[in-house]
Enquirer: 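Have a look at the structure that comes next, please.
Each chain gets a letter, A, B and so on, in the order its sequence line appears, and its residues count up from 1.
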Amino acid sequence: MQRWSRLFIPTLREAPADAEVASHRFLVRAGYIRQLAAGIYSYLFLGTRSFNKIMAIVREEMDRIGQEFYLPALHPRELWEASGRWALMGENLFRLKDRKGADMCLGMTEEEVMTSIALKEMRSYKQLPQIWYQIAPKFRDEPRPRSGLLRVRQFMMKDSYSFDIDAAALDVSYKKHYDAYCRIFDRCGLKYMVVEADSGAMGGKESHEFMVRTPAGEDQIVSCDGCDYAANMEKATSKLEEVPDLSAFEDGKPLLVHTPGQKTIEDVAKFLGVSPKNKIKTLALMADEFDAAGKKKSSRAIVVLMRGDHQLNEAKLNGTVATATRPMEEAEIEALFNSPAGYLGPMGIEWARDLKDHKGKPVLLVDKALEGRTNLIGGANKKDYHLKNLTPGKDFQPTAYADLRAVTAGEACPNCGKPLRIDTAVEIGHIFKLGYRYSESMGLRVLDKNGKEVMPIMGCYGIGIERILTAAVEQGNDENGFWLPSSIAPFEVVVAPVNVKDEAVRNSAEDIAKRLETAGMDVILDDRDERPGVKFKDADLVGIPFRVTVGKKVTEGTVEVVFRSTREVRDVRISAIVEQFQELLGRTE
RNA sequence: CGGGGAGUGGCUCAGCCUGGUAGAGCACCUGGUUCGGGACCAGGGGGUCGGAGGUUCAAAUCCUCUCUCCCCGACCA
C-alpha cells in the first residue's frame, strides 16, 4: 500500500513566481513536476503515475488499430536530408555532432524513421495497410517554451503513421485514428472538440485537430453553438453580409482623387465619405528565402489586398504562398510601388500571372471578399492620392484570389448562419493525411496487384501526452488545487485519517485503504502525523478525485467521502465503503 | 530575434536608490504543548546575493560585460 509518509510528494504552499497558468502553478505546487531548464521538466512520483496512466490508455486504444514500435530519438543527418527536412526545419531541430564529427539530430517526429523502415522492408500491396505507432520523447528547440508543460522542448508524443495503397484506404486508416482519438480523450475525461485544420504547406488533404477549450491555450478556434461547425483560425470561414458597391464616378475608369495627408483606411474613408467596406487595404509583404546554412538568399514581394475593415490571417497567407512573410521595409515599398506607405495600391505594377510560377515577379493576392466587388477605393501609388472606381479583374489582374481573411467572433456561421464564437484552446491531438510527401521524397514503392510499382500514401497522427495532463488540470481547478478524472489521476482515492495517534481512527483508515486496494482501486493512505488541515489542503491540491476522511465518526461506523470537484461530502458506512467506490468509479464487477 | 521583467537559503520576498561584512515568513531538524481546513512555544541547521571583470579602504548595493529564467510578440510537422 502506498503510504504518504514514505513517499516523496513535495507540495508547495506557494507557486514559483514565474508560473502563470493554472496547470503550471498547480503541477509544480502539487509535486508532479520540477523544471530543469526552459521547456524541460522532470516528472516526480505523482506526475509520473498520472503520465503512465495516460500512456496506458493511449496504448490500449492504439493497440486496437495499430502496432507499437520503439524508435530512436537520435537520428543521422542523412535521414533528414533524404526527406528534405534537414534544411526545412531550421533552428527548431536540435542538431549535434558525434565524436567523428558526423551530423546528428534529435527527432521532432518520426516520419523519416518510419518511412525508412517501410522503404527497406515493404515490397507488396499485400503488406498494406499498416499502422505503426510509438510513444516516445520528441525534441523541438522552440523559440519560446511557455506555460509550464504547454509548450516544451522535450515532450512525450504518441505518434503514428499509416501506409496505404490508395487514398480510399487512407480514408479508412484516418477514420480509425479519428475514432481511436475520440475513445482516448473520452477515457481521459476531457471535454474536447474536433476542428477542421489546415494541412498547411505539406500537401496533405485532410486534417483534424482535437482541441480543449481553455484560456491558457495558444490556439484560437472558431466554432458555432448552433451546429457542429468548428475550425481553427487558419481554416475558418464565415458568411459575409452583402456590401453595396459604390456606383461609378464619372466615366467609370480609375479616377485620381486628392487625399492630402490621409493615410489610414479610416481617414481616407471618412475624408471621401465612404465606408471602409468600400476600400481596399493594401498590405506589402516580403517572403525571404534561405539557403541550407540559414542565410538569406533572396526575397520576393507579396502584396495582399483586403477589404478595408478586414484583417489578414497570416496562417492562411502562409499556407497560400507556402512560405513565411514579413512586412516590407520602407525602401522595399518605395522600390516596388514608387510611393510612400499610406497610398499603396495595385495599379501600375506588373504582377505575376501564376502563384507557383511567379517568375520572380511580385505576387498580388486578393482576398475572396473582394472578388466580384466593383468601384472600390484604393491607393494610387502616389503621395496624397487615392483612386476611385477600382474593380479587381478589370482594372488590375490579381495573381490569385484566396481566402486570407481572419474570421472574427459574431460573424455568421458558414453552415447555419448563427453567430460564431472564438475561443482559445490547447491542441491535444492532430490527425493528418500526409499524402505522398515522404513516400515520394524518400522513394517508398510497393508493387500493386498488377505488378506495377506504386507509391503508398501516408498519414501521420500525433497526441501530446503532457498536453492531456495539462488540459485536464486546466479543465478542473479552483483556488485550492485541481482534480483529475479518476482514469488519469495518480491515485483514485486518498484516505485521510484525521489523527493518526487515535488508534481507532488509524486502524480504521488502514483497514479502509486495504479493502479499497484489494478491490482494485488505486489508493494512497495519508498516514502522516500531520494536523488535519495540512492533510486536507494537500489532498485538495494534488489532483486526486476522491477523499475518504476518517475521523471521530468511526465510533459510529461512518466515514466521509469527499468529492473533490464538487466539494460534496457524503457520510458512508465503513462496511459499505468498497461498494460505494465501485459505484463511484464505475466498477461494478 | 524585437519589446518588457526577474535572478538574494528549498518556496515567496525585503535589503540595492543613499556602499560598511546578509534578513523575514513559509519549509527543514530537536524538544514540548496541540490535533476536523496549511497550529503554538523554545532551540537549531542551511545562502559563492546568477557569473566574470572593474571602481573603492570596503560591493548584494555603483559601473561594464555575460549567463539564466519568465511574460508579450514573431515562430510553432
Enquirer: Is a donor-acceptor pair below 3.5 Å formed from side chain Arg528(A) to base G38(B), judging by atom type as modelled?
Expert: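 Answer no: no donor N or O sits under 3.5 Å from an acceptor.
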Enquirer: Taking a pair as Watson-Crick or G-U wobble with both distances under 3.5 Å, which nucleotide is matched to C62(B)?
Expert: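 By the stated definition (distances under 3.5 Å), G54(B) pairs with C62(B).
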Enquirer: Choosing from G37(B), C70(B), G38(B), which nucleotide comes nearest the side chain of Arg29(A)?
Expert: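 For Arg29(A), the side-chain atoms sit closest to G38(B).
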Enquirer: Rounded to whole angstrom units, what separation is found between the CG atom of Asp529(A) and the C1' atom of G36(B)?
Expert: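 My rounded result for the distance is 15 Å.
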Enquirer: Which whole number of Å gives the distance between the C1' atom of C13(B) and that of A60(B)?
Expert: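 The answer is 15 Å between these two C1' atoms.
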Enquirer: Checking all strands, does Lys535(A) fall into the base, sugar-phosphate, or nothing category for heavy-atom contacts under 4.0 angstrom?
Expert: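 Touches nothing.
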Enquirer: Rounded to whole Å, how long is the line connecting atom CG of Asp141(A) with atom C1' of C75(B)?
Expert: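 After rounding, the gap between these two atoms is 12 Å.
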Enquirer: Could you give the distance separating C62(B) and C70(B) at their C1' atoms, to the nearest angstrom?
Expert: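 Between the two C1' atoms, the distance is 27 Å.
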Enquirer: So if I take every side-chain heavy atom of Arg146(A) and compare against C71(B), G36(B), C11(B), which nucleotide ends up nearest?
Expert: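 Among C71(B), G36(B), C11(B), the one nearest the side chain of Arg146(A) is C71(B).
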Enquirer: side-chain contact (heavy atoms from CB on, under 4.5 Å) with Ile524(A): which of Val495(A), Ile9(A), Val493(A)?
Expert: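 Only match with Ile524(A) under side-chain contact (heavy atoms from CB on, under 4.5 Å): Ile9(A).
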Enquirer: Taking CD from Glu218(A) and P from C76(B), how many angstroms apart are they, rounded to a whole number?
Expert: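 After rounding, the gap between these two atoms is 12 Å.
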Enquirer: Using a 4.0 Å heavy-atom cut-off, does Asp502(A) contact any base of the nucleic acid, only the sugar-phosphate backbone, or nothing at all?
Expert: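 Nothing, no heavy atom under 4.0 Å.
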Enquirer: Between Glu218(A) and Arg146(A), is there a salt bridge with N-O shorter than 4.0 Å?
Expert: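 Result for this pair is yes, salt bridge flagged.
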Enquirer: Which of these nucleotides, C70(B), G38(B), G36(B), is closest to any side-chain atom of Glu20(A)?
Expert: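 Comparing C70(B), G38(B), G36(B) against the side chain of Glu20(A), the answer is C70(B).
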Enquirer: Test the Arg34(A)-Tyr41(A) pair against the cation-pi criterion, namely NZ or CZ under 6.0 angstrom from the six-membered ring centroid and within 45° of the ring axis.
Expert: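 Relative to the ring axis of Tyr41(A), which defines the angle, Arg34(A) lies outside at least one limit.
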Enquirer: Could you please name the option among C11(B), A77(B), U12(B) that lies closest to any side-chain atom of Ala17(A)?
Expert: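 Of the options given, the side chain of Ala17(A) lies nearest U12(B).
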Enquirer: At 4.0 Å (heavy atoms only), tell me whether Ser147(A) reaches a base, stays on the sugar-phosphate, or touches nothing.
Expert: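 Result for Ser147(A) = sugar-phosphate.
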Enquirer: Expressed as a whole number of angstroms, how long is the span from His24(A):NE2 to C11(B):C1'?
Expert: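 That distance rounds to 13 Å.
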Enquirer: Under 4.0 Å: is that the gap between some side-chain N or O of Gln35(A) and OP1 or OP2 of C70(B)?
Expert: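 So the side-chain polar atoms of Gln35(A) do come within 4.0 Å of the phosphate oxygens OP1 or OP2 of C70(B), strictly under.
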Enquirer: Quick check: does any side chain N or O of Arg467(A) sit under 3.5 Å from a backbone N or O of Leu150(A), one acting as donor and the other as acceptor?
Expert: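 The answer is yes, because a donor-acceptor pair under 3.5 Å joins these two groups.
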Enquirer: Need the pair for G43(B). Rule: Watson-Crick or G-U wobble, both distances under 3.5 Å, any strand; none if unpaired.
Expert: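 The answer is C29(B), by the H-bond criterion.
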Enquirer: Salt bridge or not for Arg59(A) and Glu61(A), using N-O below 4.0 Å?
Expert: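 Answer for the salt bridge query: no.
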Enquirer: Would you measure the distance from the P atom in A59(B) across to the matching atom in U12(B) and give it in whole Å?
Expert: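 A59(B) and U12(B) have their P atoms separated by 29 Å.
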Enquirer: Between the base of G37(B) and the side chain of Asn480(A), is there a donor and acceptor pair under 3.5 angstrom?
Expert: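 No.
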Enquirer: Quantified in whole Å, what is the C1' atom distance between nucleotide G50(B) and nucleotide C67(B)?
Expert: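 Rounded to whole Å, the distance is 7 Å.
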Enquirer: Taking the nucleotide of RNA chain B with the closest heavy atom to each, which residue, Arg153(A) or Asn92(A), is nearer the 5' end?
Expert: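 Per heavy-atom nearest nucleotide, the more 5' residue is Arg153(A).
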Enquirer: Less than 4.0 angstrom between a side-chain N/O of Arg531(A) and OP1 or OP2 of A39(B), yes or no?
Expert: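 For Arg531(A), the contact criterion (side-chain N or O under 4.0 Å from OP1 or OP2 of A39(B)) is met.
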Enquirer: Under 4.0 Å between a side-chain nitrogen and a carboxylate oxygen: does that hold for Asp526(A) and Arg3(A)?
Expert: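 Looking at Asp526(A) and Arg3(A), the cut-off is not met.
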Enquirer: What interatomic distance, in whole Å, is found between P of A24(B) and the corresponding atom of C63(B)?
Expert: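 To the nearest whole Å, 28 Å.
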Enquirer: May I ask you to say what Pro145(A) touches in the nucleic acid, namely base, sugar-phosphate or nothing, with a heavy-atom cut-off under 4.0 Å?
Expert: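 Sugar-phosphate: the residue Pro145(A), judged by heavy atoms under 4.0 Å, touches backbone atoms but no base.
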Enquirer: Is Glu14(A) touching bases, backbone alone, or none of the nucleic acid, heavy atoms closer than 4.0 Å?
Expert: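 If one applies the 4.0 Å heavy-atom cut-off, Glu14(A) turns out to touch a base.
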Enquirer: Which part of the nucleic acid, if any, lies within reach of Ala15(A) when heavy atoms closer than 4.0 Å are counted: base, sugar-phosphate only, or nothing?
Expert: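 Answer is sugar-phosphate: Ala15(A) comes under 4.0 Å of backbone atoms only.
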Enquirer: What contact category does Pro143(A) fall into here, base, sugar-phosphate, or nothing, at under 4.0 angstrom with non-hydrogen atoms?
Expert: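 Counting heavy atoms under 4.0 Å across all strands, the contact made by Pro143(A) includes a base.
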Enquirer: Pro16(A) or Gly148(A): which one's nearest nucleotide on RNA chain B is closer to the 5' end?
Expert: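 The 5'-side residue here is Pro16(A).
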Enquirer: Kindly state whether the ring of Phe563(A) and the ring of Phe546(A) have centres lying under 6.0 angstrom apart.
Expert: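 Judged by ring-centre distance (under 6.0 Å), Phe563(A) and Phe546(A) do meet the cut-off.
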Enquirer: Can you tell me how far C1' of A77(B) sits from OH of Tyr436(A), to the nearest Å?
Expert: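 Taking OH of Tyr436(A) and C1' of A77(B), I get 20 Å after rounding.
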Enquirer: Base, sugar-phosphate alone, or nothing: which one does Glu314(A) contact when heavy atoms must sit under 4.0 Å apart?
Expert: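 If one applies the 4.0 Å heavy-atom cut-off, Glu314(A) turns out to touch the sugar-phosphate alone, with no base involved.
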Enquirer: Look at the side chain of Arg151(A) against the base of C76(B) and say whether a donor-acceptor pair falls under 3.5 Å; ignore hydrogens and angles.
Expert: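 It does, because a donor-acceptor pair links the side chain of Arg151(A) to the base of C76(B) below 3.5 Å.
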Enquirer: Using the P atom in both, what is the distance from A74(B) to U55(B), to the nearest Å?
Expert: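 Nearest-Å result for A74(B) against U55(B) at atom P: 45 Å.
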Enquirer: Kindly give the atom pairs (protein nitrogen or oxygen, nucleotide nitrogen or oxygen) under 3.5 Å for nucleotides 4-9 of chain B.
Expert:
none

Enquirer: Using the test salt bridge (charged side-chain N to carboxylate O under 4.0 Å, His left out), find all partners of Arg531(A) that sit at least two apart in sequence or belong to another chain.
Expert: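 Salt bridge (charged side-chain N to carboxylate O under 4.0 Å, His left out) list for Arg531(A), sorted by chain: empty.
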Enquirer: Work out how far the P atom of G4(B) is from that of C49(B), and round it to whole angstrom.
Expert: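 That atom pair is separated by 28 Å.
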Enquirer: Distance between the C1' atoms of A27(B) and G47(B), in whole angstroms?
Expert: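 So the two C1' atoms sit 15 Å from each other.
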Enquirer: Please tell me if Arg144(A) has a side-chain N or O lying less than 4.0 Å from either OP1 or OP2 of C72(B).
Expert: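 True: Arg144(A) side-chain N/O within range (under 4.0 Å) of C72(B) OP1/OP2.
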Enquirer: Would you indicate which nucleotide in G37(B), C70(B), G38(B) comes nearest to any side-chain atom of Arg567(A)?
Expert: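 The nucleotide sitting nearest to the side chain is G37(B).
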Enquirer: Check this for me: does any side-chain nitrogen of one of Glu111(A) and Arg437(A) sit under 4.0 Å from a carboxylate oxygen of the other?
Expert: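 Salt bridge flag = no for Arg437(A) with Glu111(A).
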Enquirer: Once you apply the 3.5 Å cut-off to both distances, tell me the Watson-Crick or G-U wobble partner of A24(B), or none.
Expert: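 Pair assignment: A24(B) / U12(B).
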Enquirer: Can you establish whether the number of heavy atoms outside Glu440(A) located under 6.0 Å from its atom CD is more than 12?
Expert: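 No.
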Enquirer: Strictly by Watson-Crick or wobble contacts shorter than 3.5 Å, is anything paired with G2(B), and which nucleotide is it?
Expert: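 C72(B) is the nucleotide pairing with G2(B).
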Enquirer: Side chain of Arg547(A) only, please: which of A77(B), G37(B), G36(B) is the nearest?
Expert: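 Nucleotide nearest to Arg547(A)'s side chain: G37(B).
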Enquirer: Without decimals, in angstroms, what is the distance between Asp526(A) CG and G37(B) P?
Expert: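 These atoms are roughly 15 Å apart.
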Enquirer: Check this one for me: any side-chain N or O of Arg140(A) less than 4.0 Å away from OP1 or OP2 of A77(B)?
Expert: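 It does not, given that no N or O in the side chain of Arg140(A) lies less than 4.0 Å from OP1 or OP2 of A77(B).
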Enquirer: Could one point to a donor on the side chain of Glu530(A) or the base of G38(B) with an acceptor on the other under 3.5 Å away?
Expert: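 Absent.
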Enquirer: What is the distance from CZ of Arg25(A) to P of U12(B), rounded to the nearest Å?
Expert: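 For the pair Arg25(A) CZ and U12(B) P, the rounded distance is 13 Å.
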Enquirer: Distance check: side-chain N/O of Arg13(A) vs OP1/OP2 of U12(B), anything under 4.0 Å?
Expert: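 It does not, given that no N or O in the side chain of Arg13(A) lies less than 4.0 Å from OP1 or OP2 of U12(B).
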Enquirer: How many whole angstroms separate atom CZ of Arg467(A) from atom C1' of A77(B)?
Expert: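 The answer, rounded to whole Å, is 12 Å.
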Enquirer: State whether the side chain of Arg153(A) and the backbone N or O of Ala38(A) hold a donor-acceptor pair below 3.5 Å, judged by distance alone.
Expert: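 Present.
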Enquirer: Please determine if Asp529(A) and Lys535(A) form a salt bridge, counting it only when a charged side-chain N lies under 4.0 Å from a carboxylate O.
Expert: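 No.
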Enquirer: Quick one: look up who G37(B) pairs with, Watson-Crick or G-U, both distances under 3.5 Å, and put none if it's unpaired.
Expert: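 Checking every strand shown, G37(B) finds no partner, since no pair has both distances under 3.5 Å.
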